[in-house]
J.: 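Pasting a structure below so you can have a look.
Throughout, a chain's letter reflects where its sequence line sits, starting with A, and its residues are numbered from 1.
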Protein chains: 2
Amino acid sequence: MTPRAQTPNAARELEHPAAREIRLEEVLHALADPVRLRIVRALAASGEEMACSLFDLPVSKSTTTHHFRVLRESGLISQNYRGTAKMNALRRDELERLFPGLLDSVLAAAARQEERRGG
Amino acid sequence: MTPRAQTPNAARELEHPAAREIRLEEVLHALADPVRLRIVRALAASGEEMACSLFDLPVSKSTTTHHFRVLRESGLISQNYRGTAKMNALRRDELERLFPGLLDSVLAAAARQEERRGG
DNA sequence: ATCGTAGTTTGACATCCGCCGTACTACGAT
DNA sequence: ATCGTAGTACGGCGGATGTCAAACTACGAT
C-alpha cells in the first residue's frame, strides 16, 4: 500500500557487532552505568523498539547519544533509523544465546535493588 | 638508627560493605575488568579462600592490590589477614541472596566466552 | 637481630569516561 | 522553501581508572 520503498538511506546505516564479537566485559561495562542500565530496563519493560526521545533521562541530548552508542557498540541494543527517529531494541535473543540468563539476572537485580531502596 | 615515627598497626580489620550497601552498578563495574573477572573466576573455581599471591596475574603487585580493593569495596569478595597472607573469598551466599543468579550467570558467561575464543 | 615473603602506600602518568554546549545534519510537515 | 523535531559531531573539562616503580610495613622463620 505504501508506494515508497522501505529502504532507508544507506548512508544512515549503523554498525553493530556480530553476535560472536560481543564481549562480556564490554556488556558488563555498558550495564554498569546508571543511565545506561535505566535505558536497558526501559527497553526490557516495553518489549518493543523505542525511539531515543521516549526515554526520560537526566542528561543532555549529546550525552544521551553517547550512551546509546556505547550500548550499541557493546552489542546490547540494535539501532536503526525510522524517518527522523532512531529506534532502539534490546538484542535479547542473541544475548540469551550468547550468555544465557545474564540479562535476566541483571534486570532482576536492578528491579530488586530499586525495590529495596524505594521502599 | 634514627627512630622512625611508629605507624599504628591497624592492619588487622578491613572495611567491607554490608550486604545492604552493595550496589549493582558497582558490582558490574568491578566485574567488567578482565583482571578482576579472572580473580573472581579463580575464586569461584577454587571454592575456598585464596591468598593474593596464589593468583597468576599479568600486572604488578601494586596493581594487584588495587584490583583486590575494588573487588572488596564492591562487595564481591571478603578479605582478611592470616599471618603475612591476605585471604580472599567470594561473598557468594550474600550475593546470591541480594542478586539471585547474577554471579552464576556471569561466571557461566565468562566460561562460555573463553570456550568460544580459546577453543 | 636479620632476612625473606606478602602486601601497602605514594606519586606519577596516560587514558578513558561522563558530561556539557554549540554547531551541525537528516527528515517530515507545512 | 522553510521550519521544527530528532539526533550527531566536535571540542573541551574535570574526575575516575588502570598501570607502574619505588619505598615502605607486617609477619614468620632462621
J.: For A:T65, which contact category applies under a 4.0 Å heavy-atom criterion: base, sugar-phosphate, or nothing?
T.: base
J.: Using atom CG of A:L14 as one end and atom P of D:dG7 as the other, report the distance to the nearest whole Å.
T.: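 Going from A:L14 (CG) to D:dG7 (P), I get 12 Å.
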J.: Remember a base hit wins even if backbone is also touched, and classify B:H67 as base, sugar-phosphate or nothing at under 4.0 Å, heavy atoms.
T.: sugar-phosphate
J.: So do the side chains of B:L31 and B:R36 get within less than 4.5 Å of each other, counting heavy atoms only?
T.: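 Counting from C-beta outward, B:L31 and B:R36 never come under 4.5 Å.
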J.: Could you check A:G83 against A:H66 and say which one's nearest nucleotide on DNA chain C is further toward the 5' end?
T.: A:H66
J.: Do A:S62 and C:dG21 have a side chain to base donor-acceptor pair shorter than 3.5 Å?
T.: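 Indeed, a donor on one side and an acceptor on the other fall under 3.5 Å apart.
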J.: Name the nucleic acid region contacted by B:R69, choosing base, sugar-phosphate or nothing; use a 4.0 angstrom heavy-atom cut-off, strictly under.
T.: sugar-phosphate
J.: Would you say A:S60 and A:T63 are linked by a side-chain donor-acceptor pair, where the criterion is simply a distance under 3.5 Å?
T.: yes
J.: Are the side chains of A:H16 and A:I77 in touch, meaning some heavy atoms are under 4.5 Å apart?
T.: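 Contact flag for A:H16/A:I77 side chains = no.
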J.: Can you tell me the distance, in whole Å, between the CE atom of A:M50 and the C1' atom of D:dG7?
T.: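 It is 16 Å, rounded to the nearest whole Å.
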J.: Looking at side-chain heavy atoms only, is the closest gap between B:E94 and B:L98 below 4.5 Å?
T.: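 The answer is no, as the side chains (C-beta and beyond) never meet within the 4.5 Å cut-off.
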J.: Quick one: look up who C:dA29 pairs with, Watson-Crick or G-U, both distances under 3.5 Å, and put none if it's unpaired.
T.: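 Partner of C:dA29: D:dT2.
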J.: Under 4.0 Å: is that the gap between some side-chain N or O of A:T84 and OP1 or OP2 of C:dC27?
T.: no
